[in-house]
There are 2 protein chains.
Amino acid sequence: MLKNLDKLLQDKNIRPTAMRLLALEYISSQQTAVSLSDLEAAFHRADRITLYRTLKTFEEKGLVHSIMDGTGSVKYALCEEGCECAPEDMHVHFFCNKCQETICLPKSRIPKIPLPDNFKQEEVSLVIKGTCGSCS
Amino acid sequence: MLKNLDKLLQDKNIRPTAMRLLALEYISSQQTAVSLSDLEAAFHRADRITLYRTLKTFEEKGLVHSIMDGTGSVKYALCEEGCECAPEDMHVHFFCNKCQETICLPKSRIPKIPLPDNFKQEEVSLVIKGTCGSCS
DNA sequence: TAAACAATGCAATGCAATTGCAGGCGGCTT
DNA sequence: AAGCCGCCTGCAATTGCATTGCATTGTTTA
């Protein structure tokens, strides 16, 4: 299993340090998007800054994508296979008001929204808030 | 003109103080959504906290709605006539990466997104980022 | 092995949001 | 009219998250 993670890192040109392997293992084991604080809570012996930079590195290299769900803290989730994090690849995120978890809904693509003249779309973010399946 | 604003406040059960009238006048004169810092810059003699609470009051009473455009600072824009700030009323917001302004696109309603079983939608936020008409 | 570079850890800072508390002002009651 | 009360305002202080600088350690490579 760790071998797979190792390969995942290598494929994205990220040096597989112990910390990164552990962080990646944690992220991929979660069904929901994780915040820096989540990660910090999971590895209370690790330094918050290191975890912060680990997430940043993962994001830069296209291993995870960041989600701003409006809670004030950024969440991160694994990118799908072959995800380019391009606008066409962007999917919907769901934030549960009860359990406060953020979930990727990769099945639903964001529909194309007509823009006024001369407006150019570069990124798009769609967050739906409500109650998730486990909480309702 | 100020009379209209006064009425707007009264209609929403907000006591029309001088500060509130000025703040509302400023907000309604802007073509774009305003942040607390914008307001602070416009009235540098007023206290930031008072302006903060003014915006909060406006939001609670349904006079303005808040937009989290992902910049880290919350923006506020006037609600449309008869807007209930309900999911059905939510519209798309556009953030320009060049001029850093946030604009309401009330013409485009957010399409319905299919959710997994037992998921209940309460709010939805759709922010498109790119280049606005004035900047392109 | 030594130099070069990357990753880590600690400290400190910046920025936005938020709360507590005290003074002030107006409205309402008696 | 006097006084009470509640809302508005302003100042101080705190929190929380994101971010950077710098020194140290570990790893790669010539």
Side-chain angles (χ1 to χ4, degrees), chain A residues 5-6 8-10 12-27 33-61 63-76 95 100-102 125 127, chain B residues 5-6 8-10 12-27 33-61 63-76 95 100-102 125 127:
Chain A
L5 300 178
D6 197 285
L8 231 83
L9 289 174
Q10 307 250 16
K12 298 282 185 179
N13 267 309
I14 308 171
R15 268 209 227 152
T17 68
M19 186 77 261
R20 288 172 178 172
L21 280 169
L22 286 171
L24 179 56
E25 185 188 18
Y26 177 77
I27 296 174
V34 305
S35 68
L36 174 55
S37 300
D38 293 335
L39 213 51
E40 199 186 1
F43 304 102
H44 57 277
R45 298 186 46 200
D47 186 62
R48 179 182 181 87
I49 314 302
T50 301
L51 294 171
Y52 168 75
R53 280 190 271 228
T54 300
L55 286 174
K56 279 290 182 197
T57 304
F58 285 0
E59 187 186 11
E60 270 169 28
K61 303 289 188 172
L63 185 57
V64 303
H65 59 268
S66 63
I67 311 154
M68 316 229 246
D69 54 16
T71 56
S73 55
V74 183
K75 305 285 171 60
Y76 298 86
F95 177 78
Q100 308 274 307
E101 299 285 0
T102 301
S125 136
V127 178
Chain B
L5 300 178
D6 197 285
L8 230 80
L9 289 174
Q10 307 249 17
K12 298 282 184 180
N13 267 308
I14 308 171
R15 266 212 228 148
T17 69
M19 187 76 260
R20 288 173 177 172
L21 279 170
L22 286 172
L24 179 55
E25 185 188 19
Y26 177 77
I27 296 175
V34 305
S35 68
L36 174 55
S37 300
D38 293 336
L39 213 51
E40 199 186 0
F43 305 102
H44 56 278
R45 298 186 46 200
D47 186 61
R48 179 183 182 86
I49 313 302
T50 301
L51 294 171
Y52 167 75
R53 281 191 271 230
T54 301
L55 287 175
K56 279 290 181 195
T57 304
F58 285 0
E59 187 188 9
E60 271 169 28
K61 302 290 187 173
L63 185 57
V64 304
H65 59 266
S66 62
I67 311 156
M68 318 229 245
D69 55 16
T71 57
S73 55
V74 183
K75 305 286 170 59
Y76 297 85
F95 176 77
Q100 308 276 306
E101 299 284 2
T102 301
S125 137
V127 178

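Values in this document were obtained by computation on a predicted structure and should not be read as measured data. Order of the sequence lines sets the chain letters (A, B, ...), proteins ahead of strands, with each chain counted from 1.
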Integer-rounded Å distance: [N] [atom2] and [X] [atom1]:
{"X": "D47(A)", "N": "dT19(D)", "atom1": "CG", "atom2": "C1'", "answer": "13 Å"}
{"X": "K56(B)", "N": "dC7(D)", "atom1": "NZ", "atom2": "P", "answer": "19 Å"}
{"X": "H44(B)", "N": "dG10(D)", "atom1": "NE2", "atom2": "P", "answer": "14 Å"}

Answer whether the closest heavy-atom distance between the side chains of [X] and [Y] falls below 4.5 Å.
{"X": "F58(A)", "Y": "L9(A)", "answer": "yes"}
{"X": "R20(A)", "Y": "L24(A)", "answer": "no"}
{"X": "V127(B)", "Y": "M68(A)", "answer": "no"}

Would you give the length of the straight line joining atom [atom1] of [X] to atom [atom2] of [Y], rounded to the nearest 0.5 angstrom?
{"X": "I67(A)", "Y": "T102(A)", "atom1": "CD1", "atom2": "OG1", "answer": "6.0 Å"}
{"X": "T54(B)", "Y": "F43(B)", "atom1": "OG1", "atom2": "CZ", "answer": "10.0 Å"}
{"X": "T71(A)", "Y": "E101(A)", "atom1": "OG1", "atom2": "CD", "answer": "10.5 Å"}

Of A46(A) and S73(B), the one whose nearest nucleotide on DNA chain C sits closer to the 5' end is A46(A)
Self-check item: Worked check of side chain to side chain contact (heavy atoms under 4.5 Å, CB included) between R48(A) and S37(A)
Solution: CA-CA 8 Å; R48(A) 179 182 181 87; S37(A) 300; 4.0 Å; yes
What one should report as the nearest heavy-atom pair of E40(A) and L51(A) is CA-CD1, 3.6 Å
Counting only side-chain N and O atoms of T17(B), is one of them less than 4.0 Å from OP1 or OP2 of dC8(D)?
no
With a 4.0 Å cut-off (strictly under) to non-hydrogen atoms of chain B, the first and last hit nts on DNA chain C, 5' to 3', are dA16(C) to dG20(C)
Per-nucleotide protein contact along nucleotides 20-30 of chain D, 5' to 3', at a 4.0 Å heavy-atom cut-off (B base, S sugar-phosphate only, - neither), is BB---------
